[in-house]
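Take a look at the structure below.
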Amino acid sequence: MKVRTRVAPSPTGDPHVGTAYMALFCRALAHKHGGEFVLRIEDTDAVRSTAESEAVILDSLKWLGLDWDEGPDCGGPHGPYRQSDRKHLYGPYAAQLIAQGDAFHCFCTPERLTEMRAEQMKAGKTARYDGHCMSLSAEEVKSRLDGNTPHVVRMKVPEEGTCLVQDKLRGEIEIDWSQIDMQVLMKTDGNPTYHLAVVVDDHLMEISHIIRGEEWINSAPKHILLYKYFGWPMPELVHMPLLRNPDKSKLSKRKNPTSINFYKDMGFLPEALVNYLGMLGWSMPDGEEKFSLEQMVNQFDINRISLGAPVFDMEKLKWLNGRWLREELSDDQLADKLIEWSFNRETLLQVIPLIKERVDVFSEVAPISTFLFDGMLALDESSFDGVKNLEPDQVKLVLQFALWRLEAQRDWSAESLNQLFVQLAEQLDYKIRDVLAPMFIAISGKPVSPPLFDSMSLLGPDMTRARVRHALNSLGGVSKKQLKKLDKQYVALAN
RNA sequence: GUCCCCUUCGUCUAGAGGCCUAGGACACCUGGUUUUCAUCCAGGCAACAGGGGUUCGACUCCCCUAGGGGACGCCA
């Protein structure tokens with residue numbers, strides 16, 4: 001059988017290193033066995049999915065060299081490769097399950113479900129649909145459907161027994177059916193949920209091996225059951241360990257930069273980042289730590305994957321990057337890479353308007369603009385001494401609120417960043433000057449610098465957010481207790 | 001709370017019953033090369049979570065405990 005794998009990102013945000021991690025292993029397995037690696041866009045969440053996010057994710061994966069054999073941009077024999085373009089496909093499958101008696105219409109309101117789950121959890125039970133709408137008669141269902149009552153389609157799940165999940169890495173995993181919820185398959189808006197779409201698409205696209213994060217183990221029984229209902233052959237399951245923050249929690253942008261673009265902005269080489277991801281949870285037979293994507297594919301053996309969840313260690317990534325840079329690039333090539341990265345005419349033309357009025361001779365250009373080419377700035381508490389009108393706690397509050405706003409911000413033009421801060425200052429009833437003072441330190445490292453919003457715009461969302469987070473950390477970070485308090489204030493702010 | 005997964009130096013890992021006095025790498029420390037720094041080289045510190053089995057023999061197999069993580073959405 002042909003080995004076909006897929007990575008299926010959801011275009012709802014920044015390109016995540018975890019997506020690249022899965023793409024790397026999917027690609028390695030497929031290509032090692034002469035098969036194909038597919039990229040599919042899972043945009044069944046119509047509210048959160050955006051075309052921009054999709055474009056950025058595709059670009060990032062390409063930048064890393066993790067290109068695919070079939071996908072939304074290049075097509076292929078199993079297209080389309082975007083679930084929103086396949087929307088018409090899923091309804092009939094849901095209808096088939098209803099006709100077979102393996103699924104049913106559900107008219108329960110979200111309120112009732114929330115209440116039901118809360119009660120179940122309170123009683124120490126697993127939250128699970130209680131089967132309320134399964135008892136509806138055919139006539140009742142028909143009349144409600146005719147009356148256009150909002151509804152979903154749910155799959156039926158056995159009450160008793162055990163599901164055996166075969167995982168290539170972990171062997172047999174037993175999960176009781178009583179633990180499995182009667183998953184919604186079709187949403188009120190007519191879109192399939194991930195669970196239906198993934199099964200239908202993986203089957204239609206002839207995916208042979210599903211490589212995904214460990215977080216999916218618990219929903220494997222739902223998928224296995226759907227394959228059974230449809231009478232389709234079950235692909236092999238490979239659940240990879242999850243990448244971790246230094247504190248061992250699941251890698252998250254709150255604690256560690258997760259956007260691929262951040263690493264690009266920092267000036268990492270794509271080869272080094274891919275190499276680093278490859279050595280998390282996997283190793284070359286000879287123990288060599290520096291290897292190219294091609295070398296990894298050639299040597300790839302799924303049995304060399306280790307299951308302990310690896311901590312993403314930027315220090316080691318940096319060391320590896322240094323090796324790639326020194327060992328693989330001639331001075332000439334390095335010069336080209338630097339130009340490509342930031343030292344180009346285009347970037348320069350964006351910087352010059354910010355500094356022209358502030359320099360008299362060329363030799364002043366570098367000192368005033370270094371922060372635009374820097375990574376994480378060398379900050380400590382004393383860096384914020386110049387912030388006079390705010391108490392230390394207020395400085396933290398401003399930075400944290402700004403960070404939250406910036407995380408939600410999509411338009412990264414200087415003008416809309418300006419508006420963001422004007423609004424924040426108004427809502428806080430602070431002077432804009434006082435709100436901006438800590439921001440200047442966070443972004444440029446100094447109390448005075450070229451225009452803040454233009455600088456932020458130039459640095460881009462990933463680097464800007466990382467700097468604000470870094471500033472917060474250099475002030476001792478925000479404790480859980482503080483965070484809770486701030487969050488409360490922040491929510492109150494919006495209303 | 002319920003269920004599931006995981007567990008070798010601080011971190012990434014090698015290890016598929018005797019080759020383990022547990023190897024490598026990052027970080028850290030020491031020394032050498034270098035006008036300084038970095039690179040590079042040499043050396044050092046440092047781990048099989050705990051307890052029971054199985055076995056002539058357990059880092060490796062089984063069980064229990066502990067710790068960590070994840071899942072419990074009309075998100076993926």
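Here is the naming used below: chain letters follow the sequence lines, and residue numbers restart at 1 for every chain. What you are looking at is a predicted structure, and each value in this text was computed from that prediction instead of being measured.
- At the phosphate of B:G15, OP1 or OP2 sits under 4.0 Å from a side-chain N or O atom of A:R304.
- Between A:F107 and A:H151, the ring planes lie tilted relative to each other; the angle falls in the 30° to 60° range.
- Using a 4.0 Å heavy-atom distance criterion, A:G322 is classed as making no nucleic acid contact.
- Comparing A:L280 and A:R323, the nucleotide of RNA chain B nearest to each residue sits closer to the 5' end for A:L280.
- Checking A:K290, A:K337, A:R323 one by one against A:E328, the salt bridge (Lys or Arg N to Asp or Glu O under 4.0 Å) holds for a single residue, A:K290.
- Between B:C3 and B:A46, the two P atoms lie 41 Å apart (nearest whole Å).
- Note on ring orientation: taking the six-membered ring where Trp is involved, the planes of A:W232 and A:F230 are parallel (angle under 30°, cut-offs 30° and 60°).
- Residue contacts for A:W282: at a heavy-atom cut-off of 4.0 Å it reaches no nucleic acid atom on any strand shown.
- Put simply, A:K187 has a side-chain N or O that comes within less than 4.0 Å of OP1 or OP2 on B:A76.
- Within the structure, every side-chain polar atom (N or O) of A:R48 is placed at least 4.0 Å from both OP1 and OP2 of B:C74.
- Looking at which nucleotide of RNA chain B each of A:D301 and A:M186 is closest to, the 5′-most match is held by A:D301.
- Taking the six-membered ring for Trp and thresholds of 30 and 60 degrees, A:F25 and A:F300 have ring planes more than 60 degrees apart, a perpendicular arrangement.
- For B:C56 and B:G10, the C1' atoms lie 38 Å apart once the distance is rounded to whole Å.
- Taking 4.0 angstrom as the limit, A:R244 places none of its side-chain polar atoms (N or O) nearer than this to OP1 or OP2 of B:G68.
- Under the Watson-Crick and G-U wobble criteria, each requiring two contacts below 3.5 Å, nucleotide B:U7 is paired to B:A66.
- On a pure distance criterion of 3.5 Å, no polar donor-acceptor pair joins the side chain of A:K316 and the base of B:A27.
- The residue A:V184 sits close only to the backbone: its heavy atoms come under 4.0 Å of sugar-phosphate atoms, none of a base.
- Less than 6.0 angstrom separates the ring centroid of A:Y263 from the ring centroid of A:F312.
- Here B:G31 sits opposite B:C41 as a Watson-Crick or G-U wobble pair (both hydrogen-bonding atom distances under 3.5 Å).
- At the phosphate of B:C12, neither OP1 nor OP2 sits under 4.0 Å from any side-chain N or O atom of A:S306.
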Which atom pairs, donor and acceptor, lie under 3.5 Å between side-chain atoms of residues 113-122 of chain A and protein residues at least two apart or in another chain?
| unit_1 | atom_1 | unit_2 | atom_2 | d |
| --- | --- | --- | --- | --- |
| A:T114 | OG1 | A:P110 | O | 2.7 |
| A:Q120 | OE1 | A:R128 | N | 2.9 |
| A:Q120 | NE2 | A:R128 | O | 2.7 |

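- To the nearest whole angstrom, the two C1' atoms, one in B:A22 and one in B:C64, are 26 Å apart.
- Residue A:E42 is classed as a sugar-phosphate contact, given heavy-atom separations below 4.0 Å to backbone atoms only.
- With contacts defined as side-chain heavy-atom distances shorter than 4.5 Å, the pair A:F37/A:R6 does not qualify.
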Polar atoms only, N or O, under 3.5 Å: list the protein pairs with nucleotides 1-10 of chain B and their distances.
| unit_1 | atom_1 | unit_2 | atom_2 | d |
| --- | --- | --- | --- | --- |
| B:G1 | O2' | A:G124 | O | 3.4 |
| B:U2 | O4' | A:G124 | O | 3.4 |
| B:U2 | O2' | A:T126 | OG1 | 2.8 |
| B:U2 | O2' | A:Q179 | OE1 | 3.3 |
| B:U2 | O2' | A:Q179 | NE2 | 3.4 |
| B:C3 | O4' | A:Q179 | OE1 | 3.1 |
| B:C5 | O3' | A:R170 | NH1 | 3.4 |
| B:C5 | O2' | A:R170 | NH1 | 2.4 |
| B:C5 | O2' | A:E214 | OE2 | 2.7 |

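- Residue A:S219 is out of contact with every strand shown, counting any heavy-atom pair closer than 4.0 Å.
- Base pairing of B:A22: no nucleotide in any strand meets the Watson-Crick or G-U wobble criterion (both distances under 3.5 Å).
- Pairing for B:C48 is absent, with no Watson-Crick or G-U wobble pair whose two atom distances lie under 3.5 Å.
- For B:G1, the paired nucleotide is B:C72, the pair qualifying as Watson-Crick or G-U wobble because both relevant distances are below 3.5 Å.
- Pairing of B:U36, defined by two Watson-Crick or G-U wobble distances under 3.5 Å, is not identified with any nucleotide.
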Please table the atom pairs, donor to acceptor, closer than 3.5 Å between any side-chain atom in residues 375-382 of chain A and protein atoms at least two apart or in another chain.
| unit_1 | atom_1 | unit_2 | atom_2 | d |
| --- | --- | --- | --- | --- |
| A:D380 | OD1 | A:S382 | N | 2.9 |
| A:D380 | OD1 | A:S382 | OG | 2.4 |
| A:D380 | OD1 | A:S383 | N | 3.3 |

- Could you please spell out the steps behind the salt bridge (charged side-chain N to carboxylate O under 4.0 Å, His left out) verdict for A:K222 and A:D181? CA-CA 8 Å; A:K222 292 171 189 172; A:D181 199 4; 5.9 Å; no
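- Across the P atoms, B:U11 and B:G53 are found 30 Å apart, a figure rounded to whole Å.
- Contacts of A:C163 with the nucleic acid, taken as non-hydrogen atoms under 4.0 Å apart, are absent.
- Between A:S10 and the phosphate of B:C75, there is no side-chain N or O to OP1/OP2 separation shorter than 4.0 Å.
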